[in-house]
Amino acid sequence: LLDLMDVDYMSMLFELLRKLPNTVQFYLDHMVFPETTAHQRAKLSANGQDLGGEMLFSRRIAFSGTPSSLLPLEMGACQFART
């Protein structure tokens with residue numbers, strides 16, 4: 001049996017297991033992530049193409065985002081302001 005109060009034994013066990021990939025994965029999956037991340041049955045995700053495209057809105061007058069030419073395809077080419 002495993003005596004959780006035996007400090008020497010637990011230290012030895014920790015040193016043996018602490019760098020094994022499966023042990024680390026188990027610890028993260030069952031101890032760390034459930035405590036530090038919100039879990040929901042369904043999660044929604046989208047990118048700039050989805051959010052600025054016609055999927056959500058049929059008409060747009062502007063698109064705010066990263067200053068580059070990565071606009072939703074439906075908006076056409078980027079027209080930068082002249083300074």
Side-chain angles (χ1 to χ4, degrees):
L1 280 173
L2 182 61
D3 182 4
L4 298 177
M5 298 304 190
D6 185 342
V7 176
D8 292 332
Y9 184 75
M10 293 305 291
S11 294
M12 179 197 64
L13 191 59
F14 173 75
E15 287 302 319
L16 289 171
L17 297 176
R18 72 188 186 108
K19 292 186 178 179
L20 295 176
N22 289 340
T23 304
V24 174
Q25 186 69 47
F26 180 87
Y27 178 72
L28 291 173
D29 289 343
H30 295 277
M31 306 295 273
V32 175
F33 295 147
E35 291 292 324
T36 59
T37 58
H39 292 278
Q40 300 173 1
R41 291 185 187 268
K43 294 186 180 193
L44 301 175
S45 66
N47 58 35
Q49 290 287 334
D50 295 334
L51 294 175
E54 292 181 355
M55 181 174 76
L56 294 177
F57 304 103
S58 60
R59 183 184 300 217
R60 294 155 316 281
I61 57 171
F63 182 77
S64 176
T66 305
S68 70
S69 58
L70 296 174
L71 288 173
L73 299 174
E74 297 90 353
M75 293 189 76
C78 184
Q79 297 177 7
F80 294 102
R82 295 178 193 240
T83 56

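Note that the structure is predicted; figures quoted are calculated from it, not measured.
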What are the two closest heavy atoms between V24 and R18, and how far apart are they? CG2-O, 3.5 Å
Who passes side-chain contact (heavy atoms from CB on, under 4.5 Å) against D29, sequence neighbours left out?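 By the side-chain contact (heavy atoms from CB on, under 4.5 Å) rule, D29 matches Q25, F33.
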ILVMFWY cluster, [X] and [Y] together (side-chain gap under 4.5 Å):
{"X": "L4", "Y": "V7", "answer": "no"}
{"X": "Y9", "Y": "L17", "answer": "yes"}
{"X": "L28", "Y": "F26", "answer": "no"}
{"X": "L2", "Y": "L20", "answer": "yes"}

Nearest 0.5 Å, please: how far is CG in L1 from CG in D6?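 These two atoms lie 12.5 Å from each other.
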